[in-house]
Amino acid sequence: MYIPSRFNFLEDSLLDDCKKSPIMNTDIIEKKDGYELQIDLPGVKKEDIQIEMDKGILSISVSISNSSDEEDKKYIRKERFTGEIKRSFNIGENVDEEDIYASFENGILYLNLPKKEEKDNIAQFEFIPWIL
């Protein structure tokens with residue numbers, strides 16, 4: 001069921017497998033001056049994260065690979081994911097794309113998305129005194 005919202009964050013694309021794992025679970029927090037996304041990326045290295053912005057679409061992709069000595073091991077069970085995961089959010093026109101800030105701490109990617117400054121709808125008139 002689609003729940004209408006004034007934000008487009010609900011319109012995201014995600015592989016079904018990601019919903020079953022702790023990777024890429026996302027919290028979205030609205031603040032006075034913007035939004036904060038907190039994205040779980042346990043076991044991921046900072047250099048394996050790519051963030052892109054294109055026409056109001058924020059995309060986060062992560063490449064997860066195992067070590068090169070995989071051939072020497074005989075696994076009885078393997079639950080760790082290997083491959084690429086990508087998640088996209090339609091952030092629309094309400095966010096200032098040029099001032100997005102990202103940080104990565106303890107397996108959590110923090111994205112700060114500042115809102116664009118709202119302009120007053122009231123026309124600004126300049127007062128010119130009349131000289132008689």
Side-chain angles (χ1 to χ4, degrees):
M1 179 172 139
Y2 177 74
I3 301 170
S5 173
R6 58 189 168 125
F7 309 108
N8 291 328
F9 287 119
L10 295 176
E11 300 173 17
D12 64 284
S13 61
L14 175 65
L15 297 173
D16 289 337
D17 291 341
C18 295
K19 292 183 181 180
K20 298 174 188 170
S21 75
I23 298 176
M24 300 286 274
N25 288 337
T26 304
D27 294 336
I28 302 170
I29 302 160
E30 182 175 11
K31 297 181 175 184
K32 179 181 176 184
D33 58 348
Y35 306 96
E36 181 179 329
L37 276 71
Q38 298 175 357
I39 304 170
D40 290 345
L41 298 171
V44 173
K45 297 176 189 169
K46 184 177 181 178
E47 57 269 9
D48 293 335
I49 302 170
Q50 294 182 2
I51 303 168
E52 297 177 3
M53 203 49 189
D54 185 32
K55 298 179 184 174
I57 305 294
L58 174 70
S59 298
I60 300 106
S61 8
V62 177
S63 296
I64 301 171
S65 61
N66 292 327
S67 62
S68 60
D69 63 347
E70 288 292 314
E71 296 172 5
D72 298 339
K73 297 178 183 176
K74 181 180 177 184
Y75 286 94
I76 296 170
R77 182 179 180 121
K78 186 173 181 181
E79 294 183 350
R80 294 194 174 128
F81 176 80
T82 300
E84 184 173 316
I85 298 173
K86 183 175 183 178
R87 190 158 187 191
S88 300
F89 298 93
N90 180 353
I91 63 171
E93 299 176 12
N94 192 28
V95 172
D96 191 357
E97 296 179 12
E98 295 179 11
D99 292 327
I100 293 175
Y101 174 77
S103 63
F104 187 63
E105 294 179 33
N106 299 324
I108 301 175
L109 175 64
Y110 296 92
L111 292 171
N112 290 304
L113 311 169
K115 292 180 184 178
K116 285 184 180 178
E117 291 183 22
E118 294 183 25
K119 297 180 181 177
D120 293 334
N121 292 333
I122 303 172
Q124 299 293 323
F125 294 100
E126 183 178 332
F127 177 73
I128 303 173
W130 291 91
I131 302 176
L132 298 174

Evaluate the side-chain proximity of Q38 to T26: yes if any heavy-atom separation is below 4.5 Å, no if none is.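 Answer no - side chains too far apart.
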
Connected via hydrophobic side-chain network under 4.5 Å: [X] and [Y]:
X    : Y   : result
I108 : L37 : no
L109 : I57 : no
M53  : V95 : yes
F89  : I49 : yes

Got more than 12 heavy atoms from elsewhere within 6.0 Å of [atom1], [X]?
X    : atom1 : answer
Y110 : OH    : yes
Q50  : CD    : no
E98  : CD    : no

The remaining residues in the hydrophobic cluster of I76, counting side-chain heavy-atom contacts under 4.5 Å among Ile, Leu, Val, Met, Phe, Trp and Tyr, are none

Salt-bridge test for E30 and K115: reply yes if a basic N is under 4.0 Å from a carboxylate O, no otherwise.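 Salt bridge present between E30 and K115.
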
Side-chain ion pair, K116 and E93, N-O less than 4.0 Å: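 No salt bridge links K116 with E93.
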
Option from L113, D27, N112 for which side chain to side chain contact (heavy atoms under 4.5 Å, CB included) with E36 holds: N112

What's the shortest heavy-atom distance between [X] and [Y], and which atoms?
X   : Y   : value
G56 : E97 : N-OE2, 3.5 Å
N90 : G92 : OD1-N, 3.1 Å
M24 : L41 : SD-CD2, 3.3 Å

Rounded distance (nearest 0.5 Å) linking atom [atom1] of [X] with atom [atom2] of [Y]:
X    : Y   : atom1 : atom2 : value
I51  : S59 : CD1   : OG    : 10.5 Å
D48  : I85 : CG    : CD1   : 11.5 Å
D33  : D96 : CG    : CG    : 11.5 Å
L111 : I39 : CG    : CD1   : 5.0 Å
T82  : I64 : OG1   : CD1   : 7.5 Å

The criterion is salt bridge (charged side-chain N to carboxylate O under 4.0 Å, His left out); which residues satisfy it with K45, sequence neighbours excluded?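 Result, salt bridge (charged side-chain N to carboxylate O under 4.0 Å, His left out) vs K45: none returned.
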
